[in-house]
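Both backbone and side-chain heavy atoms feed into the values below; hydrogens, waters and symmetry mates do not. This structure is a prediction, so every number in the text was calculated from the model and none was measured.
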Amino acid sequence: MSVGEPADERRPGGGPGTDDAQGRTPHDPEGQRTSETDPEAPPEEETDTPQNAWSARRELLRHSPGIMLGSSAAIGGSLVARDQHGVSGGQVTGDIIMGGKTEIHYVGTSGPAYASGDLPQDVLERLTGTFAGSTAFETALERLRADRVVVLSGAHFTGRRTAALNLLRHAGAAPVKILDPDISPTALPQELTAARGFLLCDLVTHRDQPLRESHLRAVQGQLAEHGGWLVITAGPHAVVEDTVQTTSWHPPPPEDVLRAHLSTLVGDEAREAQLLSLKATGTFLSRKHQLRETVAFARALAAYGEGRTTTEELDHFSLGTVQHQVEEWFDDKTASLHDKAFLVALAAFDQGPYALTAELSDQLFADLQKTEDPHLPARIPVFGTSIAKRLQMARAHQYEADEETEWGKVRQTVSAFRDERTPLVLLIEVWTGHPSARPALVRWLRRLADDGRPLVRNRAAATAAVLAAADLPSAMALLIEPWATARRYRFRLAAANALTLAHVLDTPNIPRILHDWCTEEKEGARWTAIRAYALIGPELPQEALAALAEATRKADRDEPDEEEATELALSTALLLLSTAGSQVLSGLVGFFQDERTVRDLALRAFLEACARPENDEEGARPALLAWHARAGADPGSEDDRQLTVLWRAVLADRTHTGTAVQHLRDWVRQADTDPESEAALGRLLPALAVSGADRQRLDHLLRTLPGEHGPLPPPVAARLLATLHPLPADVRS
C-alpha cells in the first residue's frame with residue numbers, strides 16, 4: 001500500500017478510525033506517527049541510506065539472541081546447521097512452536113490448603129514428610145526456637161510454606177493454625193492465644209502499613225505468655241520495616257527434593273535409582289526449575305515407572321513447565337500491566353543490557369495501556385520495583401558482560417531469563433494466546449525497527465521472526481510485509497533480518513516468499529528479498545543464485561537501477577564468501593553463458609568479494625586471496641581454476657578492468673609481508689598472463705606499483721615479476 005492509498009482498501013468497511021483489531025494503522029504503513037497525531041514525534045523522512053550489507057550482517061550476528069544462532073553460528077558465513085540451532089541439538093524451537101502442551105499439576109504446592117483455620121495433623125505430616133533440609137532451614141529453626149517468631153523471606157515457589165510448616169513441627173508446635181493473610185499486623189496478638197503453632201503465609205502489607213518491629217515485639221510477648229510459635233512467610237514485594245530481622249529462605253538443591261519425593265512415591269531403592277539415572281531426569285535437573293516443578297516431575301517419574309507416562313511426555317515435561325509458567329504470568333490478575341510489559345521486553349532483549357530492557361518495557365507499557373484505555377494517559381512509575389525484585393519475579397538474573405558496539409566492546413549489566421527457552425515461549429504465548437495485545441506489540445516493534453541503536457533494531461527483527469514462526473500469516477501481514485514495502489531502508493532491512501531468523505527457526509515457506517519477492521513489482525519487497533538471500537543463501541545456494549539472477553533480469557527489463565544492481569552484487573558477493581562458496585563459484589562461472597546483465601552480476605560480485613578481508617582484524621588477508629592460497633595448494637583444484645577464470649574475465653572486461661587492477665595492487669601490497677599470499681600470487685599471476693597483452697598489463701602493474709611508504713615498488717613486486725618472466729632452463733642451470 002502506498003502512502004496515499006485510501007484506508008478502506010486496508011480496513012474492512014473503510015472509514016476513519018484508529019488501529020484496527022489486527023494492529024494496522026491507516027495511512028501509516030511504516031507505523032510512524034506524524035507531528036499531526038503526535039506533537040513529540042520527529043518529522044517523517046522520505047527515505048534513508050541503506051546500511052552496508054557487510055556491516056548489517058555483522059550486526060545481525062552480534063545482536064541476535066543466542067538461542068536462534070547456536071554457539072557457533074555465523075549468518076551468511078557459516079549459517080547454523082539444521083541440526084545445531086536452537087537448544088540441545090535444534091529440537092527446542094520446534095517443540096516450542098509446534099509441540100503439544102504438557103499438563104502440569106502442582107498438587108499442594110501453590111498456597112495453603114486451608115486459607116484460615118486448623119491444619120489437620122495428618123495433612124501436616126504429609127506435607128512435611130518429604131521435606132529436604134538445608135542450611136537456611138537450620139538457621140531459621142535456630143531463630144524460631146530463640147524468638148518464638150521468625151519471618152521467612154524468599155521468592156515464590158521456593159518451598160517457603162512447606163519449610164514454615166516443618167519449622168513448626170520441629171519446634172514441637174502442634175496443632176497448627178493457618179492465619180488469614182489479610183490480617184492487620186496490629187491485630188496479630190489477639191489471634192495468638194493458645195499453646196500451638198501459627199502460620200501466616202504471605203502477609204498482606206502496604207507502603208503505608210508495613211510490618212514493623214513494634215508489631216513483632218507485641219507478637220513475641222503474646223507467644224511467650226501462651227507458649228505459642230509463629231512463622232510468617234514474606235514474598236519479594238512484602239513491605240517490611242528496615243529494623244525487622246528477616247531470615248532469608250533459599251531452597252534445598254532440586255536433586256535432594258526430587259530424591260525425597262521419589263523415595264516416598266516409589267518405595268523401591270533399585271527402581272528409584274533407575275529413574276534417577278534416566279536422561280530425562282538429568283536434563284530436567286540441569287535447568288533452573290522451581291521446587292513445585294521438581295515435585296511435579298517426581299510424580300511424573302513415578303508414573304513413568306508404572307507405565308502411565310510415555311518417554312515422549314517425560315522428555316517434554318521440562319518444556320511444559322516453562323509453558324505453564326508463562327501462562328501463569330499472564331493469567332495472574334494480581335500482577336500489574338507494568339510487570340507484564342517488562343516480561344515481554346525481557347523476552348525480546350534477553351541477554352541484553354538491563355537498563356535498555358527497562359527503558360523499552362516502559363514504552364511497551366504505554367502502548368498496552370493505550371489498548372486497555374485509549375483515553376487514559378500512560379502513568380509510568382519512575383521509581384518502581386527494584387531490579388532484584390523485578391528479576392526475581394521474572395525468574396531471571398543479571399550479570400556483567402561485554403556488549404559489541406561500533407566503538408568497540410563496552411561493559412554492561414545484562415539481564416536474562418534463567419531458562420533460555422523462556423523468551424521464545426513467552427513471545428509466542430503473547431502473540432497467539434493474547435491477540436488483544438497485538439496492536440500495542442505491533443506499534444512497539446515498528447518503533448524499535450527504526451531505532452538508532454543496532455541492538456534494538458536487530459532484536460525487533462528477531463522478535464518478529466519468533467512471531468512469524470508461531471503465526472506466519474499474521475506476522476507477515478502486520479509486521480514483515482509493511483516493513484518490506486516501506487520507503488525507509490531500516491524497515492526493509494528489519495524485514496530481511498526477520499525472514500532470515502524465521503528461516504533459522506524452521507518457519508516454512510520463507511524461501512518461497514523470497515523467490516516471489518525477487519520478481520515483485522514493489523521495489524521495497526525486491527530489495528528485502530535480495531538482502532535476505534545473502535543471509536540464508538548459503539543453505540540453498542543454487543536457489544539463491546537463480547533468484548538473484550532472475551531479479552537482475554527483472555530489474556533490467558523494467559528500468560536499470562544502479563542502486564539495485566549494487567545490492568544484487570553485494571548479496572551475491574556475500575554468498576561467494578559463505579560456507580557454500582564453492583557451489584556459488586561454479587554458479588558465477590555458469591553466469592557467463594547467461595544474459596549480459598547476469599554476466600555483469602557475476603563480475604561485480606567477484607570484485608566486491610575481492611575487497612573483503614578474511615576477518616575484521618587490522619591488516620587481515622583478503623578473503624579471496626586466502627581462498628586462492630588454499631585452493632592453489634591442491635594441484636588441479638576446481639576452485640583454483642574457476643577463481644582464475646573469474647580473474648581473467650574481470651581483467652578483460654573494459655567496464656571492470658580498472659577496479660580489478662586496483663584490487664590486484666592491494667593484493668600485492670598484502671603479499672609483501674605475507675609469505676602465503678605471495679605464494680598464492682606467484683601461482684595466480686602467471687595463470688592470468690594468457691596473452692602478450694595480459695603479460696604487459698601485469699608487468700606494468702608490478703613495475704609501477706608504489707609501496708606503502710614511497711613511490712618505489714615493494715620488494716615483493718620484483719619477486720612476483722620474476723614469476724611472469726621465468727629464466728630459460730639453460731640460464732637457470
Side-chain angles (χ1 to χ4, degrees), residues 1 10-12 19-25 29 31 64-65 67-68 85-86 90-101 319-320 322-324 326-327 329-331 340-341 343-345 347-348 350 364 367-368 371 421-449 458-486 491 494-514 516-517 525 528-529 532 536:
M1 171 183 171
R10 281 283 299 273
R11 305 178 70 245
D19 295 344
D20 67 19
Q22 295 297 315
R24 301 181 182 91
T25 307
S64 293
I67 193 172
M68 291 187 178
H85 71 271
Q91 297 302 311
V92 169
T93 54
D95 287 345
I96 290 172
I97 296 165
M98 303 300 295
K101 295 198 175 183
L319 180 58
V322 179
Q323 293 169 329
H324 187 279
V326 168
E327 291 170 357
W329 277 331
F330 291 109
D331 290 344
K340 293 176 182 179
L343 287 169
V344 177
D350 188 58
L364 177 59
D367 285 325
L368 289 169
T371 297
R421 300 168 298 179
T422 305
L424 291 183
V425 175
L426 194 149
L427 291 172
I428 291 168
E429 172 64 20
V430 171
W431 189 248
T432 60
H434 302 273
S436 58
R438 285 186 177 185
L441 197 57
V442 167
R443 288 194 300 270
W444 185 63
L445 288 174
R446 285 172 176 168
R447 197 158 51 243
L448 300 189
N458 282 288
R459 287 305 182 93
T463 302
V466 176
L467 307 185
D471 181 1
L472 181 62
S474 295
M476 288 293 292
L478 303 181
L479 287 168
I480 298 176
E481 285 186 286
W483 287 351
T485 55
F491 288 106
N497 290 343
L499 289 171
T500 298
L501 294 176
H503 183 67
V504 171
L505 291 175
D506 286 331
T507 307
N509 302 320
I510 300 301
R512 176 181 174 181
I513 292 169
L514 296 181
D516 291 347
W517 281 7
T528 299
I536 72 167

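Between Trp483 and Leu445 there is a side-chain heavy-atom pair separated by less than 4.5 Å. Residues Met476 and Ile513 meet the side-chain proximity criterion, which asks for heavy atoms closer than 4.5 Å. Between Arg421 and Leu319 there is a side-chain heavy-atom pair separated by less than 4.5 Å. Two residues are said to be in side-chain contact when any heavy atoms from C-beta on lie closer than 4.5 Å; Arg447 and Asp367 meet this criterion. Considering only heavy atoms from C-beta on, Gln323 stays 4.5 Å or farther from Glu429 through its side chain. Between Ile536 and Leu514 there is a side-chain heavy-atom pair separated by less than 4.5 Å. A 4.5 Å side-chain heavy-atom check between Lys340 and Trp329 finds every atom pair outside the cut-off. Side-chain atoms of Leu467 and Leu441, non-hydrogen and from C-beta on, do get closer than 4.5 Å to each other.
Salt-bridge check for Asp471 with Arg438: passed, with a basic side-chain N closer than 4.0 Å to an acidic carboxylate O.
Here the closest non-hydrogen pair linking Ala460 and Leu448 is CB-CB, 3.7 Å. For the residue pair Ala341 and Leu364, the shortest heavy atom distance occurs at O-CD2, 3.7 Å. Taking every heavy atom of both residues into account, Ala470 and Thr432 meet most closely at CB-CG2, 4.0 Å. When all heavy atoms are compared, the tightest approach of Leu426 to Ala347 is CD2-CB, 3.8 Å. Taking all atoms of both residues into account, the shortest heavy-atom contact from Ala464 to Ala498 is CB-CB, 4.0 Å. In plain terms, the two heavy atoms of Thr507 and Ala468 that are nearest each other are CG2-O, 3.7 Å.
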(message) Is there a side chain to side chain contact (heavy atoms under 4.5 Å, CB included) between Thr528 and Glu481? Walk through the geometry before answering.
(response) CA-CA 10 Å; Thr528 299; Glu481 285 186 286; over 6 Å; no

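Note that CH2 of Trp444 is 6.0 Å distant from OG1 of Thr463, once rounded to the nearest 0.5 Å.
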